[in-house]
Amino acid sequence: MTELNLEEKAALTSGAGWWHTAELPGVPAVRMADGPHGLRAQTEREADHLGIGISARATCFPPAVTLASTWDVELAARVGSALGREALAEGVHVLLGPGINIKRSPLCGRNFEYFSEDPLLSGALGVAWVNGLQAQGVGASLKHFAANNQETRRMTVSAEIDPRTLREIYLPAFRRVVTQAAPWTVMCSYNRLNGLHASQNPWLLTEVLREEWGFGGVVVSDWGAVVDRVRALAAGLDLEMPTSSGAGPAQIVAAVRAGALDEAVLDRSAARVVDLARKAAAHARPGAVYDHDAHHALAREVAARGAVLLKNDGDLLPLDRAQRVAIIGEFARTPRYQGEGSSKVNPTRLDDALSALAPVEFAPGFPVDDPAADVAALREEAVRVAAEAEVAVLFLGLPPSYESEGYDRDHLDLPAEQIELLAAVTAVNPRVVVVLANGGVVRVADWIGGVPAVLECWLGGQASGSAVADLLYGVANPSGRLAETIPVRLADTPAHLHWPGDGDLAPYGEGLFVGYRSYDARELEVSFPFGHGLSYTTFTYSDLRVSGLTVTVAITNSGGRAGHEVVQVYVGAPRSRVRRAVRELKGFAVTFLEPGQTQDVTITIPREDLAYFDATADAWVVEGLDYEIAVGASSRDIRLTTPLRVHGDAAGELDLDSTLGEWLAHPVGGPLINELLARVRTAMGDDYPAEGSPRQRGVANMRLSQLGSLPMVPIGEDDLARLMEGLRGTAAPYLS
Ligand code: BGC
């Protein structure tokens, strides 16, 4: 850094415009653009981060919600590579994505930009996406770090999260992507985390991100997230974006001159920005082009793969070309295919379902974001058209105004006029297929009973229209699986009582119990569980085998069509000494099978993924336990289970201060302590607390060391010492 003076170094740590960093002799500018499902490359004159200004045309791939529903890491990597090719062609060096925040509540207005309620699924897709992108020589910006789970007061709200929940739910996807894909940049979020803005949080940006996870890239602010530039730099925020028109650099220079900021801190961040700039320039390919048709075809493939067939009574789908089909709903003609805000893409072309399905009878049925429309007249026309058809396909969904970056929803329902239309149509024609377009989950419980088939297409990107036609006519076989639960009621959602917080305090009171972890623990009925999705074929599961931590299962396509199955491996720890979800997703794989074909699917669970976070010890702990491996087609459609004995990290989890109850519950400590207790039982005779009695529960709360001090208990210090030795020395069976 010796070749740059103080002002130059400070200038490097702040944007020189809306979308690029400063250019200095020998240091080229880095150009950035949103976003996760398509390039939003803007000139500086049109610049905005709200999705208002125009951007260069680019393929609008299906947003994260749809990509996630494919559960297919290979597909995510292909989307990442395609985005990389488009970025190269536009001269963009860093793409502002992926967004991997956890869907804490279905109300979050930005859920369409995020993958899942589950950290493993979010992280695994993020890894693949980033690897695909960066293999092209374009950097990712992993966002929004961290705990940016709501839009309400997103600039000021403090996510109040206990350490275990933070480590097990909100950080693991970031950790996975940082450690397995090394994104060039990480974008800090707007919100505060336990009181401190993410942009100036040294624990988050330095201790965890760099020191624990080994992140070596640039930390960039979300656009306008910096509050105090000097504190932010000291905390580890290298690059402030967008430009602060010189204010940030001036504050840094003044702080260094006043001795309030060590120049070495600035040197470090400036050096990181220089590295990024040189790397970006080395990979740039001026004049590069990409294949628009191939990218459109990929967008169509992802849209078809990510659609989730929620219900298909009587095999109403796929449709038969000979059937008289009525298409109803404005979204068939005017597709809802992406969300609002900074991720909004100007598509290279746009397929609508109506054209893709033509010739068909059509009625718009309801208005979209048009308060002046004659709703009753639209409905009457649609009912007339539906009554004359053999099958009515209703394209329902959320209008653009319902969900966007910048604000949250306050309910989960479809617009009332759509629900009324559906009721009116089913009254004249029960053979109804509902095709949904929405970025966040919608409530279906009130109406789904009267509808035989529902295809949840999320937001399908620019080729959504043709993809839906492929699915309806069976050219494509639905293979999407829910990456988030569809609850029965808003009041059932895990964060309900705490959402969106009081003023700027958002307590994450539901703790670890997010998504299916909560519904399962509370034994709540859901409309459709995490992992659910039907197909036009069927799959059977057999021959579950476990060797070490490798799970193998045979999957057979037992139906009449080729199709993809998403095999899901959940793990439960019913005898854990800490509170745990009933079961958690620990692995998954997609397999494609021809009718009658059988294939072994093998999934290996990394041992560290079994760990829980011990907040007291500030460490991850793998418990020695008999875990339960559950393999299924959804979190509530478990087909095969088997126990799996895993040895613990260290028998030292127990010590003399552990309670008798903890000793008894421990797989190694339990048998050892029972031997000792047998002596106590003999000595105490009838005074010994009966099995299951309240007194016994009271005794279970005693520390082990207290046992030796009781006058009637024949246990001495040497017995306890031997017990500890035995614990440490016990090899089998948990160390096998
Ligand atoms: C969003 C980011 C986005 C940035 C730049 C912000 O408002 O939160 O996700 O990358 O703008 O457009």
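Hydrogens, waters and symmetry mates are skipped; everything else that's a heavy atom, side chains included, is used. Start at 1 and go down the list; that is how both ligands and their atoms are numbered. From a predicted model like this one, the values you see are computed outputs, not experimental measurements.
In this structure, Glu113 has no heavy atom closer than 4.0 Å to ligand 1. Residue His144 places a heavy atom less than 4.0 Å from ligand 1.
Protein heavy atom nearest atom 5 (C) of ligand 1, with residue, atom name and distance: Asp34 OD2, 3.2 Å. In this structure, atom 7 (O) of ligand 1 lies nearest to the protein heavy atom Glu405 OE2, 2.8 Å. Residue, atom and distance of the protein heavy atom nearest to atom 4 (C) of ligand 1 are Asp222 OD1, 3.4 Å.
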| request: Begin with the C-alpha distance, continue with both residues' side-chain angles, and end with the deciding distance and a verdict on side-chain hydrogen bond (donor to acceptor under 3.5 Å, both in side chains) for His411 and Tyr402. | output: CA-CA 10 Å; His411 64 80; Tyr402 270 55; 4.7 Å; no

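Under the salt bridge (charged side-chain N to carboxylate O under 4.0 Å, His left out) test applied with Asp238, the options Arg210, Arg229, Arg268 reduce to a single match, Arg210.
With a 6.0 Å cutoff to the six-membered ring centre and a 45° limit on the axis angle, Arg104 counts as a cation-pi contact of Tyr508.
Close approach to Met187 involves these atoms of ligand 1, each under 4.0 Å from a residue heavy atom: 10 (O). The Lys143 neighbourhood of ligand 1 comprises atoms 2 (C), 3 (C), 9 (O), 10 (O), with distances under 4.0 Å to a heavy atom of that residue. Applying the 4.0 Å criterion to heavy atoms of Arg154 picks out, from ligand 1, the atoms 7 (O), 8 (O). Near Arg110, the atoms of ligand 1 lying under 4.0 angstrom from a non-hydrogen atom of the residue are 1 (C), 2 (C), 8 (O), 9 (O). Interface atoms of ligand 1 facing Tyr190, defined by a heavy-atom separation under 4.0 Å, are 6 (C), 7 (O), 8 (O).
Residue contacts with ligand 1 for Gln42 are absent, since no atom lies close enough (heavy atoms, distance under 4.0 Å). Of all the heavy atoms of Arg40, none lies under 4.0 Å from any atom of ligand 1, so neither backbone nor side chain is involved.
Any N or O atom pair closer than 3.5 Å counts here, and Trp19 shares no such pair with ligand 1.
Ring centers of Trp184 and His283: under 6.0 Å apart, within the cut-off. Taking the ring centroids of Phe530 and Trp71, they lie under the 6.0 Å cut-off. Between Tyr290 and His295, the ring centre distance stays below 6.0 Å.
Side-chain contact check for Leu204 versus Leu193: some heavy-atom pair is nearer than 4.5 Å.
Using the six-membered ring where Trp is involved, Trp223 and Trp19 have ring planes that are tilted, between 30° and 60° apart.
With hydrogens and angles ignored, the 3.5 Å screen pairs no side-chain donor or acceptor of Ser269 with any backbone N or O of Leu266.
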